[in-house]
Amino acid sequence: MNQLANTWQQLFVNVNIATMTQGGTSYAVIEDGAIAVSDGKIVWLGNKQNLPEYDACQLTIIDGQGKWLTPGLIDCHTHIVYGGHRAKEFEMRLQGASYEDIANNGGGIVSTVKATRAASEDELYVSAYQRLSALHKEGVTSIEIKSGYGLDLDTEIKMLKVANRLSENLPVTVSKTFLGAHALPLEYKDDADGYITLVTEQMIPEIARQNLADAVDVFCEGIGFSYAQTERVFQAAKAHNIRVKVHAEQLSDLGGTELAAKYNALSSDHLEFLSTAGVNAMQSSGMVAVLLPGAFYFLRETKLPPIDLLRENNVRIAIATDANPGSSPINSIQLMLNMACTLFRLTPTEALAGVTCNAARALGIDDKVGELSVGMDADIALWDIEQPAQLCYQFGVNPLVALYKQGKKVI
Ligand code: DI6
Ligand code: FE
């Protein structure tokens with residue numbers, strides 16, 4: 001008997017595997033494959049014909065009955081912790097008000113800030129738990145959650161603690177992002193620079209001290225923060241050894257992406273107005289382009305991100321829900337797979353890479369998750385499909401059959 005196979009605890013057989021080991025250029029399929037798992041990690045994978053001899057009595061065999069395995073899905077950009085909702089604003093937009101009009105009139109993000117400050121940690125936890133559960137039931141095993149609806153130190157910390165609690169109570173890895181520079185709170189109405197001083201001199205140091213954030217994000221936009229203000233936040237993050245990322249070029253081009261590239265950012269997100277110079281900066285820095293079709297759809301945007309240019313320059317593309325109460329109240333990663341193809345004309349291969357390997361890279365966790373290969377965590381989804389493109393093609397019938405987190409069956 002093979003020595004290695006002695007240590008196996010689980011073995012998936014009779015499965016086709018979309019390993020997602022090639023960035024977006026292919027599903028990197030293994031037909032009639034097998035995956036062996038030990039201590040929550042993938043220890044063998046390949047074609048069934050090459051399986052070493054193993055003792056079937058010593059391990060749990062999972063017969064996939066010819067179905068498909070993919071990596072557990074990753075939603076790399078969300079704002080799922082917040083109080084209240086913005087249905088009223090939705091109605092106003094239907095009557096002609098723009099997202100920017102509403103933001104400039106004290107609605108928008110600031111109205112969610114009010115509700116989030118008023119909510120207890122438990123209340124925020126309960127509503128965010130529902131949102132994360134919905135994503136998890138669609139196959140999500142890793143997620144990024146941003147703060148940014150507190151805009152004061154206590155509420156920002158409250159949000160990040162809720163994100164921690166979610167990771168303790170659901171089998172989902174949570175990457176936490178501090179987004180203090182999301183909007184200007186009312187108490188700093190005419191003093192954006194003063195607010196940035198609060199973010200850089202008080203919030204970031206305290207959040208770093210409590211180890212509450214894996215990354216720092218800024219909304220670099222006309223209705224958010226300027227290039228210079230964004231840079232001040234990046235400098236503070238750098239001083240505390242925290243990676244940065246940016247919401248940039250969503251409604252206009254302020255050059256936020258080029259700036260983020262200088263700070264070795266993980267990703268730049270939205271990107272509808274990204275320039276050629278921005279694409280070039282992404283290419284040379286290796287940043288991931290995170291596209292958010294839900295916000296594009298919900299805000300009825302018309303300007304597409306420069307997808308051909310991103311492709312030609314081999315910039316990795318990730319897809320995420322941007323789940324939030326204002327611009328994407330959509331807690332469905334499967335819908336994003338569909339919208340990435342229908343709205344952004346991504347291929348199904350690119351879309352699936354966008355919620356697996358490239359999403360992992362956008363979070364800096366691609367050494368552990370996002371593809372199925374030896375040494376990676378056994379975060380594995382089993383789907384009742386005949387080909388991977390079905391994950392993007394159809395929406396509304398959930399084809400997830402089973403979900404494993406570090407080898408443990410969680411659905
Ligand atoms: N861009 C977004 O898509 C969300 N935040 C941001 O900076 C929207 C947040 C909201 O409208 O509540
Ligand atoms: Fe966002």
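Counting convention: from 1, in listed order, for ligands and their atoms alike.
With rounding to the nearest 0.5 Å, the separation of CZ in Phe344 from CD in Glu350 is 12.5 Å.
Asp214 places a side-chain N or O within 3.5 Å of a backbone atom of Lys176 that can act as its donor or acceptor partner.
The protein residues lying under 4.0 angstrom from ligand 1, judged by non-hydrogen atoms, are His79, Arg86, Tyr99, Ile109, Tyr149, His182, Phe219, His247, Gln250, His270, Asp322, Asn324, Gly326, Ser327.
The closest approach of His79 to the Fe ion (ligand 2), by N/O/S atoms, is made by NE2.
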Report, one line per pair, each donor and acceptor closer than 3.5 Å where one atom sits in a side chain of residues 244-251; sequence neighbours left out.
from, atom 1, to, atom 2, distance (Å)
Lys245, NZ, Glu144, OE2, 3.0
Lys245, NZ, Thr177, OG1, 3.4
His247, ND1, Asp217, OD1, 3.3
His247, ND1, Asp217, OD2, 3.0
His247, NE2, His77, NE2, 3.0
His247, NE2, His79, NE2, 3.4
Glu249, OE1, Thr257, N, 3.0
Glu249, OE1, Thr257, OG1, 2.5
Glu249, OE2, Leu254, N, 3.1
Glu249, OE2, Gly255, N, 3.1
Glu249, OE2, Gly256, N, 3.2

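Here the side chains of Ile242 and Phe178 are not in contact, with every heavy-atom distance at 4.5 Å or above. For the pair Val199 and Val216, the minimum side-chain heavy-atom distance is 4.5 Å or more. The shortest side-chain heavy-atom distance between Leu274 and Leu309 does not fall under the 4.5 Å cut-off. Taking 4.5 Å as the limit, every side-chain heavy atom of His270 sits out of range of all side-chain heavy atoms of Glu221. Contact check for Pro399 versus Lys67: no side-chain heavy atoms found under the 4.5 Å cut-off.
Here His270 fails the criterion, with no N, O or S atom under 2.8 Å of the Fe ion (ligand 2). Inclusion of Asp322 in the first shell of the Fe ion (ligand 2) is supported: an N, O or S atom falls under 2.8 Å.
Of the angles at the Fe ion (ligand 2), the one spanning NE2 of His77 and NE2 of His247 is 90° when given to 10°.
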